There are 2 protein chains.
Amino acid sequence: MTRKENRISEKTIERLSVYRRYLKDLNKKGKDRVYSHELSQIVSGTAAQVRRDLMEVGCNGCSSKGYEISLLIKEISKVLDCSKKENIALIGVGNLGRALLGYFSGARDNYDIVAAFDNDPAKYNRIICGRRCYSMEQLPNMIDELKISTAILAVPAESAEKEAQNLIDKGIKAILNFAPRHITTGSGVFIETLDMTSALEKAIYFSRKNT
Amino acid sequence: MTRKENRISEKTIERLSVYRRYLKDLNKKGKDRVYSHELSQIVSGTAAQVRRDLMEVGCNGCSSKGYEISLLIKEISKVLDCSKKENIALIGVGNLGRALLGYFSGARDNYDIVAAFDNDPAKYNRIICGRRCYSMEQLPNMIDELKISTAILAVPAESAEKEAQNLIDKGIKAILNFAPRHITTGSGVFIETLDMTSALEKAIYFSRKNT
DNA sequence: ATCACGCTGTGCAATATTTCACAACTCAAG
DNA sequence: CTTGAGTTGTGAAATATTGCACAGCGTGAT
Ligand SMILES: NC(=O)c1ccc[n+]([C@@H]2O[C@H](COP(=O)([O-])OP(=O)(O)OC[C@H]3O[C@@H](n4cnc5c(N)ncnc54)[C@H](O)[C@@H]3O)[C@@H](O)[C@H]2O)c1
Ligand SMILES: NC(=O)c1ccc[n+]([C@@H]2O[C@H](COP(=O)([O-])OP(=O)(O)OC[C@H]3O[C@@H](n4cnc5c(N)ncnc54)[C@H](O)[C@@H]3O)[C@@H](O)[C@H]2O)c1
């Protein structure tokens, strides 16, 4: 029994999130069982890959009848979710930040953007999309008070590294970064950068290269 | 000499885009040469990987002096860019769409969101972030007229598949999709889905699992 | 009861991607 | 000129990820 636990890969975690969202949809539509080949279509993979992913959450499938949807949702959630609702902080309430705030605050079961932060005094104490915008000075207190461990970073590229380091210093454990900057971290903090520009340039490239 | 050309991988294309952005920054700062190990830091890879990526664009490095930045930018651009400026369409001018429009229209060298489309009549003909919003009926004409081959899709999840198919039917060759839906396509159309929700859920998951 | 069918779980093969490691090269200093 | 430090280009190894294929099982039809 080494220290190296059964670690689920990043790719699998992403797919589990996608499966769950789809399963919740199916559930609402009244469906109660699903086959691996149905799930495979929504992630453009194979049925085998789906079954492998689902094995990671403690394999519930039954031959010939597929997987029970509500059970699957429960098992995936047991892996993805914390026991209590997760509090998220948004840093940078600009054009993108506001859209994210409107999208992610409230309405989700397992997490919620509970506070927004900006360094523009004009925004302090304003309520934006139902959430109050605080000054950066209030960040440490709020992190402690609300037990925030994950942050969304939507500040300009120039400030991204500085603010990321700031977040890490204050105890944040994961950052979803929208600034087009790679963020280096020695610590065990998880950083996911969603780089829309490179995604768009990739799309443009393949618009010419495919078929 | 088979039909199977020297195809550059998706991952490499993404990194080339990131390198180029960084190189342009360095260039502005007056730097004129760069080593592979410097570039490796901004993509959290190894120097060897960077050198491999750069070989794909026609290896320009010189031992002991590294790569010449302006040449590298030129060579990467030769791979990533089309000869003329690429015209992009935005479908869905909601909260996210407006942010994207503000961010991606104008100011870029090699591409530009030139037109926005929505199915909400209240938005028709309004100028948003400097770009006119058209009705969906005008899409085919604009695609032909402006030779648009890449589109950004920012419509609600329920409409995403339908509108994607619509785009494909009208001749679009690549789609950057922000709706949390997988889009299936038999044809050779390139589809990149940026799923912010699964990215956030991944971050939340690893906020607990790291270290 | 039996059989055929279709699905799951999984060992193993196949790919894809990354890293290692080193020969070859450049340059500056002595 | 020679040496040494430092870098590139790249074959080969190492990993990571995916796909194949089949045994085994549950189900419904006969
Ligand atoms: N808008 C988009 O669609 C889009 C697309 C791709 C990438 N991005 C990236 O997302 C980030 C945000 O983009 P945006 O369009 O919302 O920019 P924005 O300029 O509209 O908003 C930035 C916000 O961050 C605040 N801010 C600046 N420095 C700060 C700091 N040090 N601490 C806290 N807050 C700070 C500003 O006051 C402002 O409210 C940028 O890095 C941008 O490159 C945006
Ligand atoms: N806002 C965010 O930060 C965010 C984050 C993650 C994902 N998304 C996804 O991005 C997409 C857009 O999000 P949003 O917040 O901008 O939504 P939104 O409701 O603000 O905007 C949607 C826009 O699309 C238009 N529209 C609807 N159906 C259309 C159709 N068939 N053809 C053309 N236009 C149509 C609407 O009129 C509206 O203007 C959604 O799929 C959402 O799930 C958004």
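All of these numbers come straight from a predicted model, not from anything done at the bench.
- When every heavy atom of A/Ala151 is checked against every heavy atom of A/Leu167, the shortest pair comes out as CB-CD1, 4.0 Å.
- Nearest heavy-atom pair, B/Tyr35 versus B/Ser64, reported as atom, atom and distance to 0.1 Å: OH-O, 3.7 Å.
- When every heavy atom of B/Asp112 is checked against every heavy atom of B/Ser105, the shortest pair comes out as OD1-CA, 3.4 Å.
- Between B/Arg15 and A/Asp195 there is no salt bridge, since no side-chain N of the basic residue sits under 4.0 Å from a carboxylate O of the acidic one.
- Shown for residues 57-70 of chain B: residues whose heavy atoms fall under 4.0 angstrom of DNA chain D, namely B/Cys59, B/Gly61, B/Cys62, B/Ser63, B/Ser64, B/Gly66, B/Tyr67.
- Using a 4.0 Å cutoff on non-hydrogen atoms, the parts of residues 43-51 of chain A near DNA chain C are A/Ala48, A/Arg51, ordered by number.
- Of all heavy-atom pairs spanning A/Ala164 and A/Leu153, the tightest one is CB-CD2, 4.0 Å.
- Counting 5' to 3', DNA chain D first comes under 4.0 angstrom of a heavy atom of chain A and last does so at the ends given by D/dT17 to D/dT27.
- Look at A/Arg181 and B/Asp25 and you find a salt bridge, because one of the NZ, NE, NH1 or NH2 atoms lies within 4.0 Å of a carboxylate O, short of that distance.
- Contact check of residues 11-27 of chain B against DNA chain D (heavy atom, cut-off under 4.0 Å) returns no residues at all.
- Salt bridge status for B/Lys11 with B/Glu14: absent, with no side-chain N to carboxylate O gap under 4.0 Å.
- Scanning both residues, B/Ile76 and B/Leu16, for their nearest heavy atoms gives CG2-O, 3.8 Å.
- A heavy-atom distance below 4.5 Å is found between the side chains of A/Thr197 and B/Arg108.
- Ion pairing between a basic and an acidic side chain is recognised when a charged N comes within 4.0 Å of a carboxylate O; A/Arg20 and A/Asp109 show no such pairing.
- A distance of 6.5 Å separates CD1 in A/Ile204 from CD in A/Glu201, rounded to the nearest 0.5 Å.
- Relative to the six-membered ring of A/Phe104, A/Arg131 misses at least one condition, a distance below 6.0 Å or an angle of at most 45° to the axis.
- For NZ of A/Lys147, the number of neighbouring non-hydrogen atoms (other residues, nucleotides, ligands) closer than 6.0 Å is 12 at most.
- Between B/Cys133 and B/Phe117, the closest heavy-atom pair is SG-C, 4.2 Å.
- When DNA chain C is scanned 5' to 3' for any atom under 4.0 Å from a heavy atom of chain B, the first and last hits are C/dT17 to C/dC27.
- For residues 147-199 of chain A, every residue pair satisfying the ring-ring contact (aromatic ring centres under 6.0 Å, His included) rule, not counting sequence neighbours, is listed here: A/Phe190-B/Phe206.
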